[in-house]
Novice: 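Can you keep this structure in mind? I'll have questions shortly.
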Amino acid sequence: MTHDTQLLTLQAIAALVPHGSRVLDLGCGDGALLAHLQQHRGCTGYGVELNDTNVHACVQRGVNVLQLNLDQGLSLFGDQSFDVVLQIDTLQHLRNAETMLRETARVGRLGIVSFPNFAHWPNRLSVLQGRMPVTKRLPYQWYDTPNIRVGTFADFEVLATKNGLHLLDAFGLQNGARVTVWPNLRAGTAVFKFQRG
């Protein structure tokens with residue numbers, strides 16, 4: 001993704017977070033989103049990250065960060081202890097993705113999830129040609145990808161229903177622009193805002 005696309009994507013996701021929210025950002029990376037939410041939306045909260053380099057980057061940005069392995073769950077946090085729990089480009093890296101989705105809905109009044117949409121048309125074309133996709137959104141070869149799960153926009157809708165989640169907003173992002181018409185086909189990123197049903 002280009003820097004402009006990254007910024008537009010960050011802004012589109014940040015716009016889903018109510019002003020002044022207490023936020024838990026799971027797999028917060030370098031803390032860019034949480035720092036943006038603090039500076040532009042008056043939010044407070046914590047990031048959760050495992051990678052040492054990213055934890056250091058969070059500290060440098062002034063973001064409160066806890067170094068935890070998300071595959072071990074969120075037992076540290078009580079029910080509804082945050083207004084919003086974010087999983088931005090995190091779900092596809094987790095071994096216990098469904099459990100972590102339920103935990104997101106338990107710990108936060110709202111959950112926001114985004115992940116690469118494997119059903120995006122260039123990905124479908126690659127598979128039809130007998131190859132795993134390598135795109136700007138999925139830049140890794142099949143043998144070195146950090147993604148242990150592949151999912152689609154439509155798959156998440158089914159998973160949300162199965163787990164009793166009420167979708168408040170659902171759209172795709174392509175080059176930082178919101179996609180609401182055929183997002184499963186036309187968007188490289190799937191975005192969902194939800195709460196427990």
Novice: How about NE2 on H40, more than 12 heavy atoms from neighbouring residues, nucleotides or ligands closer than 6.0 Å, or not?
Specialist: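 Result for NE2/H40: enclosed.
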Novice: Tell me if the CZ atom of F82 is crowded by more than 12 foreign heavy atoms within 6.0 Å.
Specialist: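 Counting neighbours around CZ of F82, more than 12 heavy atoms of other residues, nucleotides or ligands fall under 6.0 Å, so yes.
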Novice: Just do the side chain to side chain contact (heavy atoms under 4.5 Å, CB included) check on V84 and L24 with the steps written out, would you?
Specialist: CA-CA 6 Å; V84 180; L24 181 64; over 6 Å; no
Novice: Taking the ring of F192 and the ring of F171, is the distance between their centroids below 6.0 Å?
Specialist: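 They do not qualify: ring centres at least 6.0 Å apart.
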Novice: Would the distance check show the side chain of Q80 and the main-chain N or O of G108 forming a donor-acceptor pair, the cut-off being under 3.5 Å?
Specialist: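 It does hold such a pair.
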Novice: Same cluster or not: are V65 and L37 linked, directly or through other Ile, Leu, Val, Met, Phe, Trp or Tyr residues, by side-chain heavy atoms under 4.5 angstrom apart?
Specialist: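 Shared cluster, no.
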Novice: Working to the nearest 0.5 angstrom, can you tell me the gap between T90 OG1 and F115 CZ?
Specialist: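 Answer rounded to 0.5 Å: 12.0 Å.
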Novice: So, R196 and D79, do they make that salt bridge, N to O below 4.0 Å?
Specialist: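 Salt bridge absent between R196 and D79.
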Novice: Counting N and O atoms only, with roles assigned by atom type, does the side chain of N175 sit under 3.5 Å from a partner on the main chain of A177, one being a donor and the other an acceptor?
Specialist: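 Side chain of N175 to backbone of A177: no pair is present.
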Novice: Quick one: CG on N117 to CZ on R124, what's the gap to the nearest 0.5 Å?
Specialist: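 The CZ atom of R124 is 8.0 Å from CG of N117, to the nearest 0.5 Å.
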Novice: Under 3.5 Å, side chain of D71 to main-chain N/O of L94, donor-acceptor pair present?
Specialist: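 Checking the backbone N and O of L94 against the side chain of D71, no donor-acceptor pair under 3.5 Å is found.
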Novice: In terms of hydrophobic clusters joined by side-chain contacts under 4.5 Å, are V48 and V23 together?
Specialist: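 Cluster IDs for V48 and V23 differ.
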Novice: Any donor-acceptor pair under 3.5 Å linking the side chain of E49 with the backbone of G29?
Specialist: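 Yes, because the side chain of E49 sits within donor-acceptor range (under 3.5 Å) of the backbone of G29.
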Novice: Looking only at the side chains, is there a donor atom on one of D52 and Q67 sitting less than 3.5 Å from an acceptor on the other?
Specialist: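 Yes, Q67 and D52 have a side-chain donor paired with an acceptor closer than 3.5 Å.
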Novice: Which distance, rounded to the nearest 0.5 Å, do you find between the CZ of R178 and the OG1 of T180?
Specialist: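 If I round to the nearest 0.5 Å, the distance is 7.0 Å.
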Novice: Would you say R186's side chain and V181's backbone share a donor-acceptor pair under 3.5 angstrom?
Specialist: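 Such a contact is found between R186 side chain and V181 backbone.
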Novice: Side chain to side chain contact (heavy atoms under 4.5 Å, CB included) between L16 and V191: does it pass, once the steps are laid out?
Specialist: CA-CA 10 Å; L16 298 172; V191 181; 3.7 Å; yes
Novice: Please determine if R109 and D83 form a salt bridge, counting it only when a charged side-chain N lies under 4.0 Å from a carboxylate O.
Specialist: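 Between D83 and R109 there is a salt bridge, with a charged N closer than 4.0 Å to a carboxylate O.
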Novice: Determine whether a donor-acceptor pair (N or O, by modelled atom type, separation under 3.5 Å) exists between the side chain of K193 and the backbone of L167.
Specialist: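 Looks like no, no N/O pair under 3.5 Å.
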Novice: Is it true that a side-chain atom of S81 and a backbone atom of F77 form a donor plus acceptor pair closer than 3.5 Å?
Specialist: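 Not confirmed, S81 side chain does not pair with F77 backbone.
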Novice: With rounding to the nearest 0.5 Å, note down the distance linking CG in D89 to CG in L26.
Specialist: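 Going from the CG atom of D89 to the CG atom of L26 covers 13.0 Å.
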Novice: Treating R41 as the side-chain partner and H36 as the backbone partner, does any N or O pair qualify as donor plus acceptor under 3.5 Å?
Specialist: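 No, R41 side chain to H36 backbone: no donor-acceptor pair under 3.5 Å.
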Novice: Roughly how far, to the nearest 0.5 Å, is OG1 of T104 from CD of Q195?
Specialist: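 Between atom CD of Q195 and atom OG1 of T104 there are 14.0 Å.
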Novice: Within the distance-only criterion (no hydrogens, no angle test), does the side chain of N163 pair as donor or acceptor with the backbone N or O of L165 below 3.5 angstrom?
Specialist: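 Such a contact is absent between N163 side chain and L165 backbone.
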Novice: Can you tell me how far CZ of R106 sits from CE of M100, rounded to the nearest 0.5 angstrom?
Specialist: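 The CE atom of M100 sits 9.5 Å away from the CZ atom of R106.
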Novice: Take L7 and Q11 through the side chain to side chain contact (heavy atoms under 4.5 Å, CB included) test and state the conclusion after the steps.
Specialist: CA-CA 6 Å; L7 180 60; Q11 290 171 340; 3.8 Å; yes
Novice: Is N96 reaching over with its side chain to a backbone N or O of T99, donor-acceptor style, under 3.5 angstrom?
Specialist: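 Checked: no pair found.
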Novice: Quick one: do L173 and V179 satisfy side chain to side chain contact (heavy atoms under 4.5 Å, CB included)? Show the steps, please.
Specialist: CA-CA 6 Å; L173 287 171; V179 177; over 6 Å; no
Novice: If two hydrophobic side chains count as joined below 4.5 Å and joins carry through other members, does L68 share a cluster with L34?
Specialist: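 Cluster IDs for L68 and L34 differ.
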Novice: Would you say the side chains of T152 and D155 form a donor-acceptor pair under 3.5 Å?
Specialist: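 There is such a pair (donor and acceptor under 3.5 Å, judged by atom type) between the side chains of T152 and D155.
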